[in-house]
Number of protein chains: 2
Amino acid sequence: MIESLLLKLRKRDVVSPDEEQALRDLITEVEDIPARKTVVRRGEPLNRSILLIEGLMCRQKDLRSGDRQITALHVAGDFLDLHGFTLKQLDHDVMALSPCRVAYARHDLLTRLTEVHPHLTRLLWFSTNLDAAMHREWELSLGQRTGAARAAHLFCEVYTRLQIVGRLDDEAYALPMNQSELGECLGLTVVHTNRVLRELRELGFVQFTRGRVVIEDIEGLKAYAEFDPTYLYLDSTPR
Amino acid sequence: MIESLLLKLRKRDVVSPDEEQALRDLITEVEDIPARKTVVRRGEPLNRSILLIEGLMCRQKDLRSGDRQITALHVAGDFLDLHGFTLKQLDHDVMALSPCRVAYARHDLLTRLTEVHPHLTRLLWFSTNLDAAMHREWELSLGQRTGAARAAHLFCEVYTRLQIVGRLDDEAYALPMNQSELGECLGLTVVHTNRVLRELRELGFVQFTRGRVVIEDIEGLKAYAEFDPTYLYLDSTPR
DNA sequence: CGTTATATTGAAGTGCGTCAAAAAGTGTGG
DNA sequence: CCACACTTTTTGACGCACTTCAATATAACG
């Protein structure tokens, strides 16, 4: 159940059998979530954090005009709102993009964990810092990259993250969202998102059709996006 | 020396005298940094984190074209790279925008702190999560707000953050950067930044001249920017 | 099979970038 | 105090990336 989480963490540091057990003990109830359901609403008090076991979720903020920005994507093995453990409420919504399976980690157990497992605590802390690193890369994309490069970069990032947790299907993967939602990740309208996707397709880099990404030329795509995975911290270092 | 940090933390939770002392013991050497100096370079191994005592610093990422994005601003009381404690190296540079005074917190002492002070650890964890919340709000700005609203929002955010640490000078404050650097925060060119500033001035909201922000109508500015400080977590809650 | 969501294309408009130059401010040395 | 060089701000003209509005095509679904 926490296998993807372990894959993710062990890519970055050693997790002892003891710590693995502590994580297993942390996770209680499992639940299935339908697509499009909001699982955490901004401002609501939190007493547990959610681990994504299967599916695709996102964090989003919106303006009064209704314009939305998706600020993060989450794949299997990610905590959706571990930051909520110290923040106690979120500044944004968390929504399922596909049908998902999640598990819950109660905050009182997490508090206990911080008192008993300092190294594991630092690892969980690391994992929220990793989210922040991705936010920064998205800021760079939104502020400086062209629409096409932004899309290309996103495809590279998700490719890399899914690879870690074994969700790549050869050179393709599931990205269950429509072009409108993809546009909300990229800060583009649906119409322009569609044009940008055509460009990437015509360049022979990648195809995105009905929630599925097929990579045709990963090296070309990475070069085009200036994708440098440093910000994903893929080295195993004592944290 | 850590007074601004204490103001910042105590705005969000209780810091016991014991914990205050632990923080004081954490901070060793103090140093003065000249403007424009890069204090942390991406990729370099870190064994300490930096607390900003006085001045303005930023985090920045760039593309090969030379286009830069400033992903965060830091004021007195902020840790510049506390995330570096668990990341062990940064994915971006940290640079002084003005002459600054900083103090250092060694990572071995921080590790020790996590083993002895779980609640304080959670508070420091919180503070990195707060940085992430600001990153998300900037993503919303960069992705969805117009240039003028983005600038207005930034002025509101810094106004609020400086207020907490007592650096407001009536309805004005120091923001020691030029229009080019402001543009790099906003994802705009200098030229357009200049036009956006004129617009905000003509609307009677705010003036930005030679590194100084003079707020003329804070309520108007907040409304214009749709500034909602929820994401700054200004309530005192047990973390 | 009809209904609704999603994708695609076209045409026209706009926010912001680019290029270029002038104006204003700042710092330094004489 | 001025002279000079340099940085920063400001403005104008023009171009482009992206948006908006609108219509059609295609896929998904009960």
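Scope of the values below: all heavy atoms of this structure, side chains included, with no hydrogens, waters or symmetry mates.
- Salt-bridge check for B:Lys222 with B:Glu157: failed, with every basic side-chain N at 4.0 Å or more from each acidic carboxylate O.
- Of the charged side-chain nitrogens involved, none lies within less than 4.0 Å of a carboxylate oxygen, so that A:Arg59 and A:Asp93 do not count as a salt-bridged pair.
- Salt-bridge annotation for A:Glu137 and A:Arg145: present, with a side-chain N of the basic residue lying under 4.0 Å from a carboxylate O of the acidic one.
- Among the heavy atoms of the strands lying under 4.0 Å from A:Gly187 are primed sugar atoms or P, OP1, OP2 only; no base atom is included.
- In this structure, B:Gln69 contributes its side chain and B:Cys185 its backbone to a donor-acceptor pair below 3.5 Å.
- Sequence order on DNA chain C of the closest nucleotides to A:Met177 and A:Gly143 puts A:Met177 first from the 5' end.
- Between the CG atom of B:Leu188 and the P atom of D:dT10 there is a distance of 15 Å, rounded to whole Å.
- A side-chain donor from one of B:Arg68 and B:Gln60 sits under 3.5 Å from a side-chain acceptor of the other.
- Computed from coordinates, the A:Arg145 CZ to D:dC18 C1' distance equals 18 Å when rounded to whole Å.
- Of the charged side-chain nitrogens involved, none lies within less than 4.0 Å of a carboxylate oxygen, so that B:Glu3 and B:Lys8 do not count as a salt-bridged pair.
- As rounded to whole Å, 14 Å separates atom C1' of D:dC16 from atom CZ of A:Arg195.
- The existence of a salt bridge linking B:Arg42 and A:Asp228 is confirmed by a sub-4.0 Å separation between a basic side-chain nitrogen and an acidic carboxylate oxygen.
- Rounded to an integer number of Å, the gap from B:Leu142 CG to D:dC18 C1' is 16 Å.
- For A:Asn194 and D:dT26, the CG to P distance is 13 Å, given to the nearest whole Å.
- Chain B approaches DNA chain C over the interval C:dC16 to C:dT26, counting the first and last nucleotide 5' to 3' with an atom under 4.0 Å from its heavy atoms.
- A:Val190 comes within contact range of no nucleotide atom at all, as no heavy-atom separation falls under 4.0 Å.
- When the P atom of D:dA27 is taken as reference, atom CZ of A:Arg212 falls 18 Å away, rounded to whole Å.
- When only modelled atom types and interatomic distance are considered, B:Ser127 and B:Arg12 share no side-chain donor-acceptor pair under 3.5 Å.
- In this structure, B:Arg210 places its CZ atom 9 Å from P of D:dT9, rounding to the nearest Å.
- With the end axes of the helix from C:dC1-D:dG30 to C:dG30-D:dC1 each set by five pairs, the angle from one to the other reads 50° at 10° resolution.
- A salt bridge between B:Asp235 and A:Lys88 is absent, with no side-chain N of the basic residue lying under 4.0 Å from a carboxylate O of the acidic one.
- Following rounding to the nearest Å, B:Arg198 (CZ) and D:dT10 (C1') show an atom-to-atom distance of 8 Å.
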